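Everything below concerns the one structure shown next.
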Amino acid sequence: MRRALALSFAALCALSACTRGQPASKAAEAEDATASESVELEGEAAAAIITAVAEAAEAPAEIAALGRVLDPAVLVEVAGALASARVGATAAERDLARTRTLARDHTNASDRELAASEPAAAHARGALAQAQTRALASFGTSDPARVGEFAARLARGELALARLELPAGAELPGPRDEIHVFAPALGVVERRARVIGPAGTLDASLQGPAVLVALAPSPPPAGAALEARIAFGAALKGVWLPESAVSWSAGEPIAFVASSDSKFARRTLTLARPLRDGY
């Protein structure tokens, strides 16, 4: 591959990134370099790094995704837990405020009652935070009104919520982008889905972007496997990098840009869409 020297982001044809095609010992040196803004390698380490001029490219306006219809019973349970936790937290805070007032006025409240009310309120706040986290992961929001509305419609069978897993590096669709889904195994014809928002997760093994969508009317059953087409507004022009040139640091994509045969500067990337085994 052609080595690229004196590179600059100002020109598309002058951008390059190093790949992971080096021996394990050299790869370890490059990995250690991700902790700093730049690194200088010498001798065999520098010779082992492969660089190439990045190319201007255009990402297509449409990508494919896979997904599954979520279990409405689980979602309704999450909504109920949120409502219960809100009631509990409100009651606990109210009781704590009452006990503090009585203790301050030296009427009908002992230090023992106050000592019991404070941890009870703290426990209720923690339970509410946990319920809000689960709601955010399940519904894309922890707003009690929206969660309650979704739960009511799910319970009546008026709609289904589905989670679509996007390819790594794909941008999340917005409300104006079109998503069409179908369930091949069920013979469900293609239909348009409404974007709810980014789909959270409580599973650390799921690292790719995901989006939550609503399907109505006559939604497919829980667990149905879905295929989706996501049509963005237009093709996207930018710079293509191979997947091997992209590393991850603290959840952010990075690459190293060669400024000479031995010096490499770290750059944080903005990934838009997957393209040809890269981004």
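For the numbers below, each heavy atom of this structure counts, side chains included, while hydrogens, waters and symmetry mates do not. Keep in mind that what you see is a predicted model, and the values were worked out from it rather than measured.
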Can you see which heavy atom on Phe139 is nearest to which on Ile196, and at what distance?
O-CG2, 3.6 Å
Got a sec, which residues hit side chain to side chain contact (heavy atoms under 4.5 Å, CB included) with Ala92, two or more places apart in sequence or on another chain?
Ala121, Ala124
For Ser117, side chain to side chain contact (heavy atoms under 4.5 Å, CB included) partners two or more places apart:
Asp95, Leu96, Thr99
Heavy-atom closest pair, residues Gly67 and Leu164
CA-CD2, 3.8 Å
Min side-chain heavy-atom separation His180-Glu178 under 4.5 Å
yes
List in chain and number order the residues that pass side-chain hydrogen bond (donor to acceptor under 3.5 Å, both in side chains) with Asp71, two or more places apart in sequence or in another chain; answer none if no residue qualifies.
none
Set of side chain to side chain contact (heavy atoms under 4.5 Å, CB included) partners for Pro253, sequence neighbours left out
Val246, Trp248, Leu269, Leu271
Any donor-acceptor N/O pair, Arg68 side chain to Ala224 backbone, under 3.5 Å:
no
Is Val147 reachable from Leu128 through a run of I, L, V, M, F, W or Y residues, each pair having side-chain heavy atoms under 4.5 Å apart?
yes
Heavy-atom distance under 4.5 Å between the side chains of Leu70 and Ser138, does that happen here?
no
Using residues 225-232 as the side-chain source, report each donor-acceptor pair under 3.5 Å to any protein atom, sequence neighbours left out, with the distance given to one decimal.
| from | atom 1 | to | atom 2 | distance (Å) |
| --- | --- | --- | --- | --- |
| Arg229 | NH1 | Glu62 | OE1 | 2.8 |
| Arg229 | NH2 | Glu190 | OE2 | 2.5 |

For residues 140-158, the side chain to side chain donor-acceptor pair (under 3.5 Å) pairs (sequence neighbours left out) are Arg153-Glu158, Arg156-Glu158
Can you find a heavy atom in the side chain of Asp177 that is under 4.5 Å from one in the side chain of Val195?
no
Residues forming a salt bridge (charged side-chain N to carboxylate O under 4.0 Å, His left out) with Glu118, sequence neighbours excluded
Arg100
Hey, can you pull the donor-acceptor pairs under 3.5 Å for the side chains in residues 213-222, sequence neighbours left out?
none

Between side-chain atoms of residues 76-86 and protein atoms elsewhere (two or more places apart, or another chain), which donor-acceptor pairs fall under 3.5 Å?
none

Over all heavy atoms of both residues, which pair between Ala210 and Leu166 is shortest? Give the atoms and the distance, please.
CA-CD1, 4.3 Å
Can you see which heavy atom on Leu159 is nearest to which on Phe150, and at what distance?
CD2-O, 4.2 Å
Which residues satisfy the side-chain hydrogen bond (donor to acceptor under 3.5 Å, both in side chains) test with His123, sequence neighbours excluded?
none
Inter-residue atom distance Phe256.CZ - Arg267.CZ, 0.5 Å rounding
10.0 Å
With clusters defined by side-chain heavy atoms of hydrophobic residues (ILVMFWY) lying less than 4.5 Å apart, directly or transitively, does Val181 cluster with Leu66?
no
